[in-house]
Structure formats: structure tokens, C-alpha cells
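Here is the structure we will look at.
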Amino acid sequence: MQESTSSPPNDNHNKDDNEATPTIAEDLNSRMMLVSSSPRTTEKSNHSAGAGAADDDNAIDEISDLSNLQRKIFVVTTACLPWRTGTAVNPFLRALYLTRGRPKHYVTLVIPWLEDEDARKKLYGQPCFNNQNEQEEWIRTYARERANCSKEEQAMNILFYPAVYHQVFGSIFPSIDICSLVDEKDADVAILEEP
């Protein structure tokens with residue numbers, strides 16, 4: 001893997017990033033606390049403890065139960081850091097969170113690689129990446145240094161798909177069938193992000 005010459009702490013794309021750094025980690029941790037104490041989680045625990053047949057209606061179906069740590073999860077999105085849009089940041093943080101307790105590489109963040117250098121410059125500013133390895137390293141550094149998720153970053157897999165930015169829509173579109181990139185034996189759960 002090639003080393004990127006730029007690292008997230010020194011980029012000038014968003015001047016408020018240094019102030020926001022603790023907020024990302026704090027927000028992620030507070031959201032994780034909420035998930036673990038949600039009524040749905042409590043209901044499931046009560047049901048598992050033998051709360052009775054009346055709770056069967058509230059039980060989570062096995063096929064949609066993401067608490068099974070052996071599930072392989074693909075978080076697919078149409079935007080990617082360093083473009084700081086909710087469609088890039090939210091799935092990034094979700095993928096990091098979902099790695100917790102799972103075997104390494106059981107969670108894959110599936111993100112666009114803008115093939116056009118001008119589009120990369122327009123959306124990302126500086127740094128402008130020459131290849132996917134440079135962008136992946138930037139994202140991993142951001143996870144470690146800004147989101148305070150070193151363990152999660154090591155466990156998360158990143159998969160790029162070729163994509164094109166359409167200025168008319170202000171969106172990134174895949175230029176291939178993304179499903180073709182996922183080996184059938186690994187296809188378990190897909191979390192599809194907007195738009």
C-alpha cells in the first residue's frame with residue numbers, strides 16, 4: 001500500500017475539523033450507548049430470558065438480527081470521505097461501529113472511487129488522491145485520529161467501486177453493478193445508504 005503524502009489532521013478542506021474531532025468520537029460513543037439500551041434490545045433480552053409467548057410479536061427475526069457477530073455486513077454508499085456529506089460520514093461511522101466484536105473484515109465499507117481526477121479535485125479539494133490506496137489510507141488515518149476508532153479501523157474492510165460524479169444531480173453514481181463485486185459466499189447483509 002502506498003503512503004499518502006497528506007494526512008487528515010493537516011488538510012484545509014474544512015476549517016472547523018480540529019474543533020469537531022472530539023465531537024465525532026463523543027457522538028459515536030453516545031449513539032452506541034443508546035443502541036445498547038434501546039427498548040428493542042431490552043425486549044429481545046427479556047424474550048431470551050423467557051418473558052413469555054406474548055413477546056413473540058416483538059422478537060427480531062433471525063434474518064434481520066445484526067447482533068449475530070458472525071454476520072458479514074456490507075455498508076454501501078454513494079459518497080466517500082474526504083467529501084464531508086452525511087452520505088459519506090454516516091455510513092463510515094456505521095461501518096466502524098458494526099465491526100465491534102466481529103471477526104476482522106466481516107464489515108466492509110463499499111465506497112465510490114471517482115475515476116475522473118477533476119471530479120476528485122472538485123469534491124475533495126486537497127488532498128487529491130492519485131489512486132485508491134492513497135484515499136483508503138487517508139480514510140483509515142481519519143478513523144484513527146479523528147474518530148478515535150483505531151481497533152475498528154483495523155477490523156473494517158474497504159471496497160471501492162468505479163464511479164462518476166454528475167454535477168447536474170450533485171451526486172456520485174456507480175459505473176458498474178456494485179453487486180458484482182461481492183463474492184456470493186460473502187453476500188449476507190447489505191446496508192444501502194442514500195441517495
Side-chain angles (χ1 to χ4, degrees), residues 24-81 83 85-113 132 135-136 139-140 142-144 147-164 169 171-195:
I24 291 173
E26 291 168 2
D27 184 49
L28 182 62
N29 285 328
S30 68
R31 288 178 190 225
M32 286 183 256
M33 298 277 204
L34 290 173
V35 169
S36 64
S37 62
S38 74
R40 195 68 148 146
T41 306
T42 306
E43 286 174 11
K44 185 177 178 203
S45 298
N46 290 342
H47 179 69
S48 299
D55 287 335
D56 285 343
D57 292 338
N58 294 325
I60 297 174
D61 290 331
E62 184 177 332
I63 197 162
S64 62
D65 184 2
L66 298 183
S67 67
N68 177 348
L69 300 179
Q70 296 304 307
R71 305 286 306 264
K72 291 187 178 179
I73 300 173
F74 291 82
V75 180
V76 182
T77 187
T78 58
C80 181
L81 291 171
W83 193 19
T85 179
T87 311
V89 175
N90 292 338
F92 164 71
L93 293 174
R94 182 173 291 108
L96 288 171
Y97 169 71
L98 287 169
T99 64
R100 293 184 174 184
R102 293 183 198 283
K104 188 173 184 177
H105 296 154
Y106 268 50
V107 175
T108 300
L109 179 62
V110 184
I111 52 179
W113 166 252
Q132 294 173 9
Q135 187 166 4
E136 179 174 347
I139 292 167
R140 291 186 177 284
Y142 191 92
R144 290 187 305 270
N148 197 25
C149 291
S150 294
K151 290 179 186 175
E152 295 85 349
E153 172 270 317
Q154 292 172 12
M156 179 178 67
N157 191 33
I158 294 178
L159 175 65
F160 286 93
Y161 62 86
V164 177
F169 298 107
S171 295
I172 297 173
F173 290 85
S175 56
I176 64 162
D177 176 10
I178 298 171
C179 295
S180 68
L181 299 175
V182 178
D183 192 324
E184 191 173 322
K185 70 178 175 43
D186 292 326
D188 186 10
V189 176
I191 299 175
L192 306 177
E193 294 287 343
E194 64 175 299

So, for [X] and [Y], which heavy atoms are closest and what is the spacing to 0.1 Å?
X	Y	value
Q135	L81	NE2-O, 2.8 Å
R71	S64	NH1-N, 4.3 Å
Q154	H105	O-NE2, 4.1 Å
Q70	R102	N-NH1, 4.2 Å

What's the spacing between [X] [atom1] and [Y] [atom2] if we round to 0.5 Å?
X	Y	atom1	atom2	result
L98	I73	CG	CD1	4.5 Å
K104	T99	NZ	OG1	11.5 Å
L109	C80	CG	SG	7.0 Å
I178	F74	CD1	CZ	12.0 Å
T77	L192	OG1	CG	9.5 Å
C149	R140	SG	CZ	12.5 Å

Test side chain to side chain contact (heavy atoms under 4.5 Å, CB included) applied to T78 and Y161, step by step | CA-CA 10 Å; T78 58; Y161 62 86; 4.1 Å; yes

Test I172 against T87 for side chain to side chain contact (heavy atoms under 4.5 Å, CB included), laying out the working first.
-> CA-CA 10 Å; I172 297 173; T87 311; over 6 Å; no

side-chain contact (heavy atoms from CB on, under 4.5 Å) against A88, all qualifying residues, sequence neighbours excluded | A79, T85

For Q132, check side-chain contact (heavy atoms from CB on, under 4.5 Å) against everything at least two apart and list the hits.
-> W113, F160

Is there side-chain contact between Y97 and L93, with at least one heavy-atom pair below 4.5 Å?
-> no

When the side chains of residues 179-187 are checked against the rest of the protein, which donor-acceptor pairs come out under 3.5 Å, sequence neighbours left out?
residue	atom	partner	partner atom	Å
S180	OG	D177	O	2.6
D183	OD1	K185	N	3.2
D186	OD1	K72	NZ	2.8

Output all residues satisfying salt bridge (Lys or Arg N to Asp or Glu O under 4.0 Å) with R144, sequence neighbours left out; order by chain, then residue number.
-> E137, E153

Please check if atom CD1 in I176 has more than 12 non-hydrogen atoms from other residues, nucleotides or ligands closer than 6.0 Å.
-> yes

